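Only one structure is covered here, and it is reproduced in the block below.
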Amino acid sequence: MAGAPPSYCFVAFPPRAKDGLVVFGKNSARPRDEVQEVVYFSAADHEPESKVECTYISIDQVPRTHAIVISRPAWLWGAEMGANEHGVCIANEAVNAREPAAETEALLGMDLVRLGLERGTTAKEALDVIVSLLEEHGQGGNYYEDANSCHSFQSAYLLVDRDEAWVLETVGKYWAAEKITERSEWVLVNNVPQLYPRYPSLSFSESITVQTMIDILRDKASGVCIDSESFLTTASIVSVLPQNRSSPCIHYFTGTPDPSRSIFKPFIFVDDVKLVPKAQSPCFGDDDPAKKEPRFQEKPDRRHELYKAHEWARAVIESDQEQGRVLKKTMMELEKQGLEAMEEILSSPEPPDPAEVGDLFYDCVDTEIKFFK
């Protein structure tokens, strides 16, 4: 398999971001046949001295974990990207460094994303969680569901909340962090935080909005949206974090490959979020080849219902030019309706009714699948 391409991460702050919003986005560049699922976990209390089983190792659990929503490769425990109930967003990127990454199984960078979200109420708190666990347990193991070769990487992170962002770089148990204080737009590329105007093919003279970020993530000409022989942007996220704390954070997930052919669907944290099994992969329990040693001796079908429906849509777009054009137009109309509804929520002086948004992501996924059928 060819070397992994970068997974681009972005954040824009006011005044470059519109209407007092912090806008966060990430594309997940992974092996092109890998399935990602979108999963919600409610806040939970845990027994003293209990353990949490991560992808390869178990570590001490904390007394309470926050509610999170994550996009993750379906075979592992952690997350490529996600958010928590406190408005913290984290994205991970694999980094090829001069120091070889450990093949010995430890915490994956993606495990640390989830652990940071579960345990941090701010971006800085989440960073402190990650580096503490990194120093204690280290990082290592196969980042791909591949029995033939171990693909191990160092990890970098973009951690964002309503007020600030941090870039965290790690090599083994060592780390360095930089606070992003510029009120501008930043992109994390190959672990280097850089001002967005550095990329002329991605330049936008207008304020950064949700739609702008979605357009950026769909940009194949710049290389932000990966579509190669071995790798594909297998899932994407855009989050809107209002600096006005009376407004809810809104997180848009695709849950499907190639954002240029996917619908970004909104999620809002409330007390009673309706679970979305149609965006979750089958569970194989202890029989999962990823949990048994030697690992990955088989590769089960991890496609969820949304993924299967989207496969049909991609096939139509690729095989029938006219029908594909009509299909994409209708998909974008569905997305536009969702974006407009969320703009109304953000502009309203009243908080949204939890009963109306608790099944928001569920309804969007259900509508998308029914449309494809």
Side-chain angles (χ1 to χ4, degrees), residues 21-25 36-46 64-72 74 79 81-90 113-114 117-121 160-162 210 214 235-256 262-281 283 304-307 309-310 331 333-373:
L21 305 175
V22 178
V23 185
F24 163 87
Q36 284 207 32
E37 59 181 353
V38 179
V39 190
Y40 167 79
F41 295 95
S42 60
D45 295 314
H46 305 281
R64 183 171 177 79
T65 50
H66 309 308
I68 63 171
V69 59
I70 56 175
S71 183
R72 67 178 182 183
M81 52 212 177
N84 71 18
E85 61 183 308
H86 299 288
V88 178
C89 298
I90 306 178
V113 170
R114 177 170 172 178
L117 291 171
E118 288 185 336
R119 302 180 182 194
T121 61
V160 181
D161 60 28
R162 295 178 190 251
V210 175
I214 289 174
S236 304
I237 181 177
V238 170
S239 292
V240 179
L241 315 176
Q243 294 187 315
N244 178 359
R245 280 168 167 71
S246 65
S247 296
C249 299
I250 303 177
H251 312 281
Y252 300 86
F253 292 88
T254 60
T256 53
S262 293
I263 299 174
F264 284 80
K265 299 166 283 291
F267 174 97
I268 296 176
F269 282 96
V270 291
D271 287 339
D272 296 312
V273 170
K274 188 172 183 178
L275 301 180
V276 189
K278 293 178 181 179
Q280 294 177 223
S281 297
C283 179
H304 45 74
E305 190 171 344
L306 175 63
Y307 188 96
H310 188 261
M331 290 169 66
E333 282 297 321
L334 285 174
E335 180 179 276
K336 182 181 178 183
Q337 292 172 18
L339 291 174
E340 290 174 347
M342 295 306 100
E343 286 182 7
E344 291 181 10
I345 288 177
L346 290 173
S347 61
S348 173
E350 301 295 328
D353 183 350
E356 293 183 358
V357 299
D359 55 1
L360 175 63
F361 190 71
Y362 179 97
D363 288 343
C364 289
V365 169
D366 195 54
T367 298
E368 182 175 352
I369 291 174
K370 288 178 178 177
F371 163 71
F372 289 147
K373 288 183 176 179

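As a basis for the values below, the full set of heavy atoms in this structure was taken, side chains included, without hydrogen atoms, waters or symmetry mates. For clarity, every value in this text was computed on a predicted model and none was experimentally measured.
One side chain, His251 or Ser239, offers a donor N or O that lies under 3.5 Å from an acceptor on the other. Side chains of Ser262 and His310: a donor on one and an acceptor on the other come within 3.5 Å.
A distance of 13.0 Å separates NZ of Lys370 from CD of Glu368, quoted to the nearest 0.5 Å. The CZ atom of Phe361 lies 12.5 Å from the NZ atom of Lys278; values are rounded to the nearest 0.5 Å. Within the model, atoms CZ of Phe372 and OG1 of Thr367 stand 11.0 Å from one another, a figure rounded to the nearest 0.5 Å. Expressed to the nearest 0.5 Å, how far CD1 of Ile268 lies from CG of Leu346 amounts to 7.5 Å. A distance of 12.0 Å separates OG of Ser281 from CD of Glu305, quoted to the nearest 0.5 Å. Distance check, rounded to the nearest 0.5 Å: CG of Asp359 to SG of Cys364 gives 9.5 Å.
Proximity of a side-chain donor or acceptor of Asn84 to a complementary backbone N or O of Val88 within less than 3.5 Å is detected. Looking only at distances, a side-chain donor or acceptor of His304 sits under 3.5 Å from a matching main-chain atom of Gln36. Between the side chain of Glu85 and the backbone N or O of Ala67, at least one donor-acceptor pair lies under 3.5 Å. Here the side chain of Arg162 pairs a donor or acceptor atom with the backbone of Asn244 at under 3.5 angstrom. Under a 3.5 Å cut-off, the side chain of Gln280 and the backbone N or O of Val39 do not form any donor-acceptor pair. Between the side chain of Ser348 and the backbone N or O of Glu344 there is no donor-acceptor pair closer than 3.5 Å.
Looking at Phe264 and Val210, their side chains never come closer than 4.5 Å, going by heavy atoms from C-beta outward. The side-chain heavy atoms of Glu335 and Tyr252, taken from C-beta on, include no pair separated by under 4.5 Å.
Of all non-hydrogen atoms in Ala83 and Cys89, the two that sit nearest each other are CB-SG, 3.9 Å. Pairing each heavy atom of Ser71 with each of Ala235, the nearest pair is OG-CB, 3.5 Å. Here the closest non-hydrogen pair linking Phe24 and Val160 is CD1-CG2, 3.7 Å. Taking all atoms of both residues into account, the shortest heavy-atom contact from Val270 to Tyr40 is O-OH, 4.1 Å. Taking every heavy atom of both residues into account, Leu275 and Tyr362 meet most closely at O-CD1, 3.2 Å. Taking every heavy atom of both residues into account, Asp161 and Val22 meet most closely at O-CG1, 4.0 Å.
Ring-plane geometry between Phe269 and Phe267 is classed as perpendicular, the angle between the planes exceeding 60 degrees on a 0 to 90 degree scale with a lower cut at 30.
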Quiz item: side chain to side chain contact (heavy atoms under 4.5 Å, CB included) between Leu339 and Ile214: does it pass, once the steps are laid out?
Solution: CA-CA 11 Å; Leu339 291 174; Ile214 289 174; 4.2 Å; yes
Quiz prompt | From CA spacing to verdict: side chain to side chain contact (heavy atoms under 4.5 Å, CB included), Arg114, Ile68 | solution = CA-CA 8 Å; Arg114 177 170 172 178; Ile68 63 171; 3.8 Å; yes
Exercise. Starting from the C-alpha separation in whole Å, work towards a yes-or-no answer on side chain to side chain contact (heavy atoms under 4.5 Å, CB included) for Val276 and Val38.
Key: CA-CA 8 Å; Val276 189; Val38 179; over 6 Å; no
Self-check item: Candidate pair Val357 and Ile345, rule side chain to side chain contact (heavy atoms under 4.5 Å, CB included), full reasoning
Solution: CA-CA 10 Å; Val357 299; Ile345 288 177; 4.2 Å; yes
Quiz item: Does the pair Thr65 and His46 meet the rule for a side chain to side chain donor-acceptor pair (under 3.5 Å), with working shown?
Solution: CA-CA 8 Å; Thr65 50; His46 305 281; 2.9 Å; yes
